[in-house]
Amino acid sequence: MTDAPTAESFWEQHHRAGRDAGPGHPNPVLTQTAGTLPPGDALDLGCGAGGDTIWLARHGWQVTAVDISNAAVERVRAHSRQLGIDHLVNGEQHDLARSFPDGQFDLISAQYLHTPFALDRARVLRTAAHALRPGGHLLIVDHGSTAPWSWNKDPDTRHPSPGATAAELALDPTRWSVVRADTPHRRATGPGGQRATVTDNVLLVRRHDRTS
């Protein structure tokens with residue numbers, strides 16, 4: 001009888017399997033959003049292969065890249081060194097169910113922060129909203145559909161709408177405002193070259209108070 005995998009061991013194995021791969025392409029909603037903002041301090045929650053972190057750093061952002069997998073964090077560090085932008089990338093291993101990076105940020109990105117393990121996602125994202133500087137943005141992009149290459153193919157999977165995610169965060173509307181909440185469709189390419197139309201659930205929140 002083998003022990004059931006933990007969240008850390010599951011994602012460590014997942015990212016070690018792709019350890020020779022490049023950082024991958026950045027997520028399109030992230031590039032669209034960050035491209036309209038002045039560079040500052042960014043936090044990439046669940047950095048994975050590092051495509052978003054590398055894109056942000058190459059566009060002048062100081063990025064803290066966080067993942068539960070040490071292999072993922074080390075790969076992002078290695079790619080940033082190869083590109084000569086390691087001074088703009090700080091990699092940290094965190095199990096967000098237990099810890100959250102220190103600091104305040106101008107942009108916090110949570111792209112497809114889904115896991116088959118227990119995680120109080122609303123608490124994590126609420127903590128992220130509180131880690132924004134005044135004027136800072138929290139970008140949450142969730143799966144709105146199941147792609148052919150998705151690791152979770154459960155047909156009963158519930159994809160929370162942007163409005164439902166915003167409601168779960170229960171943020172004070174006098175201190176945070178919803179800038180965007182929609183469900184765009186796009187053509188996407190999977191790791192094996194498959195093409196499919198997918199739906200993203202997008203929520204963009206801005207902090208506008210001046211108190212902690």
Side-chain angles (χ1 to χ4, degrees), residues 7-115 119 121 124-142 188-189 191 200 202-207:
E8 182 175 345
S9 66
F10 175 89
W11 289 111
E12 187 72 7
Q13 181 178 4
H14 174 82
H15 288 294
R16 283 192 180 281
R19 63 185 179 276
D20 297 326
H25 297 292
N27 287 301
V29 179
L30 181 278
T31 61
Q32 293 163 10
T33 303
T36 68
L37 303 172
D41 293 314
L43 173 60
D44 187 1
L45 292 175
C47 63
D52 290 346
T53 290
I54 296 300
W55 187 91
L56 287 165
R58 294 183 80 168
H59 286 78
W61 292 81
Q62 183 75 49
V63 190
T64 298
V66 169
D67 204 279
I68 192 173
S69 164
N70 184 63
V73 172
E74 287 300 325
R75 189 159 74 238
V76 170
R77 288 172 176 159
H79 288 314
S80 66
R81 285 194 298 270
Q82 291 168 5
L83 294 168
I85 54 174
D86 49 305
H87 61 292
L88 292 172
V89 175
N90 174 41
E92 297 183 11
Q93 183 182 11
H94 284 272
D95 179 350
L96 294 172
R98 297 181 173 85
S99 63
F100 195 90
D102 294 330
Q104 287 193 308
F105 303 91
D106 303 293
L107 173 65
I108 299 179
S109 175
Q111 303 282 317
Y112 312 108
L113 192 63
H114 306 290
T115 177
L119 176 67
R121 212 175 76 109
V124 172
L125 296 175
R126 196 176 304 114
T127 300
H130 282 270
L132 291 172
R133 291 193 178 105
H137 292 80
L138 169 61
L139 175 63
I140 303 166
V141 181
D142 292 331
T189 303
D200 291 321
V202 180
L203 178 66
L204 181 64
V205 175
R206 181 178 184 270
R207 183 171 187 169

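Residue numbers start at 1 and run along the sequence shown.
Among all heavy-atom pairs drawn from G48 and A72, the shortest one is O-CB, 3.5 Å. Closest non-hydrogen pair, A57 versus L88, comes out as O-CD1, 3.3 Å. Nearest heavy atom pair, residue T53 against residue A65, reads OG1-CB, 3.4 Å. Heavy-atom minimum distance, V76 versus G50: CG2-CA, 3.5 Å. Heavy-atom minimum distance, D52 versus P26: OD1-CA, 3.2 Å.
Here the options are D44, L56, V141, the test is side chain to side chain contact (heavy atoms under 4.5 Å, CB included), and the partner is L30; only L56 passes. Checked against F100 for a side chain to side chain contact (heavy atoms under 4.5 Å, CB included), the options L45, V66, D95 give a single hit: L45.
One distance of note links CG of N90 with CG of L43; it measures 10.0 Å at 0.5 Å rounding. With rounding to the nearest 0.5 Å, the separation of CG in L119 from CZ in R98 is 10.5 Å. For the atom pair CD1 of I68 and CD of Q93, the computed distance is 7.5 Å after rounding to the nearest 0.5 Å. Within the model, atoms CZ of R77 and SG of C47 stand 9.5 Å from one another, a figure rounded to the nearest 0.5 Å. Here T64 contributes atom OG1 and H94 contributes atom NE2; the two are 8.5 Å apart, rounded to the nearest 0.5 Å. In this structure, CG on L203 lies 7.0 Å from CG on L138, to the nearest 0.5 angstrom.
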With side chain to side chain contact (heavy atoms under 4.5 Å, CB included) as the test, would you mind laying out the steps for V202 and I140 before giving the verdict?
CA-CA 6 Å; V202 180; I140 303 166; over 6 Å; no
Passes side chain to side chain contact (heavy atoms under 4.5 Å, CB included), D200 versus V29? Steps please.
CA-CA 9 Å; D200 291 321; V29 179; 4.2 Å; yes
Please lay out, stage by stage, how Q111 and L139 fare under the test side chain to side chain contact (heavy atoms under 4.5 Å, CB included).
CA-CA 8 Å; Q111 303 282 317; L139 175 63; 3.4 Å; yes
Would H137 and I108 satisfy side chain to side chain contact (heavy atoms under 4.5 Å, CB included), going step by step from the backbone distance to the final call?
CA-CA 6 Å; H137 292 80; I108 299 179; over 6 Å; no
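W55 and H59 have parallel rings, their planes meeting at less than 30° on a 0 to 90° scale where 60° marks the start of perpendicular.
A 4.5 Å side-chain heavy-atom check between D142 and H114 finds at least one atom pair inside the cut-off. Two residues are said to be in side-chain contact when any heavy atoms from C-beta on lie closer than 4.5 Å; L37 and W61 meet this criterion. For the pair V124/L113, a side-chain contact is recorded, criterion being any heavy-atom separation below 4.5 Å from C-beta on. Annotation: side chain of L132 is not in contact with side chain of Q104 (no heavy-atom distance under 4.5 Å).
Environment of CZ in R133: crowded, with over 12 heavy atoms of neighbouring residues, nucleotides or ligands closer than 6.0 Å.
Between D67 and R75 there is no salt bridge, since none of the side-chain N atoms of the basic residue sits less than 4.0 Å from a carboxylate O of the acidic one.
Here the side chain of S99 pairs no donor or acceptor atom with the backbone of L96 at under 3.5 angstrom.
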